[in-house]
Amino acid sequence: MISQMNFFLITGLLIFGIGATGLLIRRNLIICFMSIELMLNGVNLVFVTFSHYLNSAVGMLYVLFIMALAAAEVAIGLAIILLIYRLKGTVDMDSLNTMKG
Amino acid sequence: MIQEYLGYGFSALAVLLAVSTIIQKNPIYSAASLIGVMLMLACNYVLLNAEFIAAIQVIVYAGAIMVLFVFVIMLINVEYIKREKLYYRGRVFGVIIGMALLLKLLIVGYSLLIKVQEGDLPIPKDMDSTKVIGKYLFSNYILPFEVISVVLLVGIIGAVVLGKKERNGEEKEVVVKTVQHVDL
Amino acid sequence: MFDFIVLIPLFPLFGAFLNGIYGVFRNKWANKPSHTIGVAAIGLAFGLVLLLVYKMLSVPIVLLALVPALGAFLNFIFGYKWSDKLVSIIGVGSVGISFVLSALALWKLIHLDPEARFIEVVFYKWMVSGNLSLDVAFLLDPLSAVMILVVTGVGFLIHAYSMGYMHNDPSYPRFFSYLNLFVFFMLILVMSNNFPLMFVGWEGVGLCSYLLIGFWFEDDYNAYAGNKAFIVNRIGDFGFILAIFLIFVTFGTLNYKDVFETASRALPYNGFTVTAITLLLFLGATGKSAQIPLYVWLPDAMAGPTPVSALIHAATMVTAGVYMVARCNALYTLAPVSLAVVATIGALTAIFAASMGFAQKDIKRILAYSTISQLGYMFLGVGVAAFSAGIFHLVTHAFFKALLFLSAGSVIHAMGGEQDVMKMGGLKGHIKKTFIVSLVGTLAIAGAPGFSGFFSKDEILWQAYSSPYGSKFLWAIGVITAGMTAFYMFRWLFLIFFGEERMDHETKHHIHESPNSMLIPLYVLAFLSIFGGYMGVPESLGVKNYFHHFLEPVTQYAYKVEWPHYSHALEYTLMIVSVAVAFAGFALAYICYIKDPSIPVKFGEKYRTLYKWVYNKYFVDEFYGILFVKGLLKTCFGMRAFDEKAIDGAVNGTGKSLYWSSILTGKLQTGYIYHYVWGIVLGLLILLF
């Protein structure tokens, strides 16, 4: 039987992987961004798990910082998505091909 | 004992909701699923004796960030983007890569023998997590703390600058262009 | 106390430098006030260099040099109108000073014991590389003392002659610059104390020979002749370089002293190494001294001005090979095979070249072939291990060959540039002084008794007969060549100065005697041609042979072989035989060209093929052309095509392939984000694997 810690770790890993897959298959920018948030959450779970089972406060502190960073990143990312919408009229990823070549 | 099962349950729900996030066509449903994931994770954190983190998760992540997401979705009137084919070559390729990554991570992660040992910054037995975090945040990790505040400041300023309207005050007419669909 | 010998080669170098700069900037400076400033700067630089040398050597003799420097400096500032005169002062003066210093060095050397006459003065440390440690150092021993006296003495006379001969030439400073540079390199060659420095001088004289032969380079033929001289020389230099390598590998050092001292211990007698070394050295000598097979450049070298022919191709550069063989006597005596090769090639060249002198028509070309022939004599001398005899002939040959060339120049000057002997004749009534000096030179080269050539040539013939390395066969060739020499030299003299006058009226009107600046060196050389031989009178005639005794320490490290003892009577007999043969040659020439001038014409018509072959120098040049030159040129063109197509193609191809690969790589940048994310994830996957 899988130990409790391993179980949580696998969960975190699964959430991370699902977030990565979502990033690869969606064409809607906003949903891509949400997948990125999923990945961050998966990593957070892993950190907290380790913090609990290894009796170390490092994990929790890191999670704090990650969350703060995620907040800042989301703010700016959504602002950029708004700008893209203003410029292109859509949030389809295929419309962002001016960096071609 | 019951904590074990609670842990299993919350985790399973979290995974299901995560899958739902990336599958949904409607972005609002997707955002809702994401909120669900975060709540489930918060419950997991409580089970793991990290109450402060759970609280922060709900307040910051589910409460502020996801709200931001929903605002933006509503602001730009995103409907689901129609497409002729569901299974086009690019999407299949993406799924394959994603699954491969997942599998590989599982294999790698599972094969590591994790020894339970004492780490740095030990948690004293009688303190709760808030006290612990506070204790270490303002002593060992004071520098990252300050830096994070600067980062948040930058984020605020950046968001404000990026979100401003044009100088001349007129809002440009949005031209909906036809988008060239790429198969790969 | 011998430190000053460093200055002996340095003065001509300064002269060359100054004249060169002046020649380059002369046109820009004419009639400009900045002229004086520039010229004063040069004079100052010259003075500073002298000061530097003085400080380095702390030798009061440098003061002797400052006087002409001061004079030159003042002349520069106030006399820029007389610029050619200044060039002459610098050019001739520098060689003159070197001659004075050389005489001083000899005088000091004589006052030493014969065993101690081996002075080495180090100028500076040239290179240290691993086991090899070379200095730029100068050697003063009897052999080098003789050589520097000849080089600077005859050089000085020829420089003085050139003042008159090149008087109206537009490139006057350049001429003196090159001439001074040549004297510098020749002095380096004979004064060095190690092989690489001698090679520096060796190459340098080759370079200056090229520069001077092609002095009037506007004419294609002159440039071609210069090229030919340098390239043929280079072939010989290849052998020389290989010999230097072999010497270093065998001995581990390149100093004369070390090599020669240990030669007989380090190398077996008649061994393969020493034979290889000496033969390779001799290959270099055949190039430089115009022996078979590399003599072909010398006749074409007559395209240069006459003083050049006199200095370089009669008195000094071509004798470098003989000097080298004499210097390396320790090595050559260990390799009797090489000595035999040297002697045989010398003898063969002598007779071969003499035969070509029979039919030539250009006044200088006849002398060129006679130079080749006399060089053959010198090599015959050193080839039978009679080193002092060979050097003695070198010295006397310098005197009378320079005399002959300069008097030929005088004749050309009188005839307004005409060089074809067939268009001259009967000049003895017009230019008496030139005639007299030419007669002296001809008598000297033919070996008339009492003249210097007689003693030196006879010495060589005697040694060829009696040396353990010689043979009667070589002696016979030498005697026949002596007869031939007398014949064609008197043919030269008679065709120019006697008989009916074959020039046209216009030229005849302009015949005039040369100016004193040209005549006085001729008188000095004539004096030397007569009396210069008395220092080497053979002992059988009862007088001490000063020259031979003076040069004895040079052969101290040679491998000594038992010399058979012959009676004096035999020597007298051989002497009389050679005189008789020479007289026969003279008589034949007299008959053919004065008594009955139609004899040579009839002879030529009767034996037409023979005449054609001799006149065209046995078609050797054409033979070389077909054998080597054509093939080489084809290879060169092939190389050029290869370079253009293959190498340039490779370089351009690299550029093109870069261009195409960048276009290909550019296709990766599609602009779509998810492609990029795929890339990231794929990379991560690969990393995890």
Side-chain angles (χ1 to χ4, degrees), chain A residues 4-5 7-11 13-22 24-28 30-31 34-35 37-38 41 44-45 48-49 51-58 60-61 63-65 67-72 74-76 78-83 85-86 88-92 94-95, chain B residues 4 11 14-15 18-19 21-22 27 30 34 37-38 41 44-45 48-50 53 56 60-61 65 68 72-73 76 78 81 91 94-95 97-98 101-102 105-106 109 116 118-123 129 132-133 136-137 141 144 148 151-152 155 158-159 162-163 174-177 179-182:
Chain A
Q4 186 76 335
M5 180 179 89
F7 180 75
F8 278 122
L9 288 179
I10 292 172
T11 313
L13 210 56
L14 272 173
I15 295 179
F16 178 81
I18 289 168
T21 312
L24 292 170
I25 68 175
R26 299 296 307 227
R27 269 172 51 227
N28 194 332
I30 298 190
I31 300 191
M34 286 200 266
S35 312
E37 292 307 310
L38 254 187
N41 273 301
N44 279 354
L45 183 58
V48 173
T49 313
S51 163
H52 181 256
Y53 283 102
L54 298 179
N55 204 29
S56 163
V58 176
M60 292 199 279
L61 286 164
V63 167
L64 209 58
F65 294 136
M67 273 198 229
L69 275 170
V74 163
I76 299 192
L78 287 176
I80 291 178
I81 290 180
L82 271 176
L83 279 178
Y85 181 73
R86 263 191 226 163
K88 296 280 181 179
T90 174
V91 282
D92 192 335
D94 288 342
S95 68
Chain B
E4 269 189 46
S11 304
V15 172
V19 174
T21 307
I22 67 171
S30 205
L34 193 56
V37 169
M38 288 172 182
L41 285 181
N44 268 344
Y45 294 157
L48 286 169
N49 274 344
I53 304 295
I56 295 293
V60 171
Y61 246 122
I65 294 177
L68 205 55
V72 170
I73 292 174
I76 60 180
V78 174
I81 296 171
R91 189 164 277 174
V95 169
I97 293 181
L101 177 67
L102 190 57
L105 282 172
L106 276 172
V116 179
E118 288 285 314
D120 304 325
L121 308 182
I123 300 174
S129 68
V132 169
I133 288 179
Y136 287 118
L137 188 65
Y141 280 75
I148 280 284
V151 169
L152 285 171
L162 284 174
V174 169
V175 177
V176 179
K177 302 180 201 156
V179 178
Q180 179 190 12
H181 293 305
V182 179

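Here is the naming used below: chain letters follow the sequence lines, and residue numbers restart at 1 for every chain. These numbers were taken from a predicted model, which means no experiment stands behind them.
Every residue meeting the side-chain contact (heavy atoms from CB on, under 4.5 Å) condition with A:Phe16, not counting sequence neighbours, appears here in chain and number order: A:Met39, A:Val43, B:Leu105. With sequence neighbours excluded, the residues that form a side-chain contact (heavy atoms from CB on, under 4.5 Å) with B:Ser129 are A:Met60, B:Glu51, B:Phe52.
Contact count against chain A (heavy-atom pairs under 4.5 Å) is highest for B:Ile65 among B:Ile97, B:Val60, B:Ile65, B:Thr21. Highest contact tally toward chain B, considering only A:Val63, A:Leu14, A:Val74, A:Leu13, is held by A:Leu13 [criterion: heavy-atom pairs under 4.5 Å].
With a 4.5 angstrom heavy-atom cutoff, B:Leu41 touches chain A only via side-chain atoms. Only the side chain of A:Ala20 comes within less than 4.5 Å of a heavy atom in chain B; its backbone stays farther off. With a 4.5 Å cut-off on non-hydrogen atoms, A:Ile18 touches chain B through its backbone and its side chain both. The contact between A:Leu83 and chain B is made entirely by side chain atoms (from C-beta outward), counting heavy-atom distances below 4.5 Å. Using a 4.5 Å cut-off between heavy atoms, B:Ile53 touches chain A through backbone and side chain atoms alike. Interface remark: B:Ile148 contributes side-chain atoms only to the contact with chain A (heavy atom separation under 4.5 Å). Contact annotation for B:Val37: only side-chain heavy atoms (C-beta onward) come within less than 4.5 Å of a heavy atom of chain A. Residue contact with chain A, scored on non-hydrogen atoms closer than 4.5 Å, involves the backbone and the side chain of B:Leu48 alike.
Considering every non-hydrogen atom in both B:Ala50 and A:Val48, the closest pair reads CB-CG1, 3.8 Å. Taking each heavy atom of A:Gly17 and B:Leu102 in turn, the nearest pair found is CA-CD1, 3.3 Å. B:Leu152 approaches A:Ala68 most closely through the heavy-atom pair CD2-O, 3.6 Å. Residues B:Val132 and A:Ala57 come closest through the heavy atom pair CG1-CB, 3.7 Å. Scanning both residues, A:Asn41 and B:Met38, for their nearest heavy atoms gives ND2-CE, 3.2 Å. Contact detail for A:Ala75 and B:Leu68: the closest heavy-atom pair is CA-CD2, 4.1 Å.
The OG atom of A:Ser51 sits 11.0 Å away from the OH atom of B:Tyr45 when rounded to the nearest 0.5 Å. Interatomic distance, CZ of A:Arg86 versus CG of B:Leu162, reported as 9.5 Å (0.5 Å rounding). Atoms CG and OG, from A:Asn28 and B:Ser30 in turn, are 8.5 Å apart once rounded to the nearest 0.5 Å. A distance of 9.0 Å separates CG in A:Leu61 from OH in B:Tyr136, rounded to the nearest 0.5 Å. The structure places CG of A:Leu64 at 6.0 Å from CD1 of B:Ile56, a figure rounded to the nearest 0.5 Å.
Looking at A:Leu69 and B:Val151, their side chains come closer than 4.5 Å, going by heavy atoms from C-beta outward. Counting heavy atoms from C-beta on, the side chains of B:Val95 and A:Leu24 never come closer than 4.5 Å. Using a 4.5 Å cut-off on side-chain heavy atoms (C-beta onward), A:Phe7 and B:Glu4 make no contact.
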Inset, instruction - Verify side-chain contact (heavy atoms from CB on, under 4.5 Å) between B:Tyr61 and A:Asn44, making sure each step is shown before the conclusion. - result: CA-CA 12 Å; B:Tyr61 246 122; A:Asn44 279 354; 3.8 Å; yes

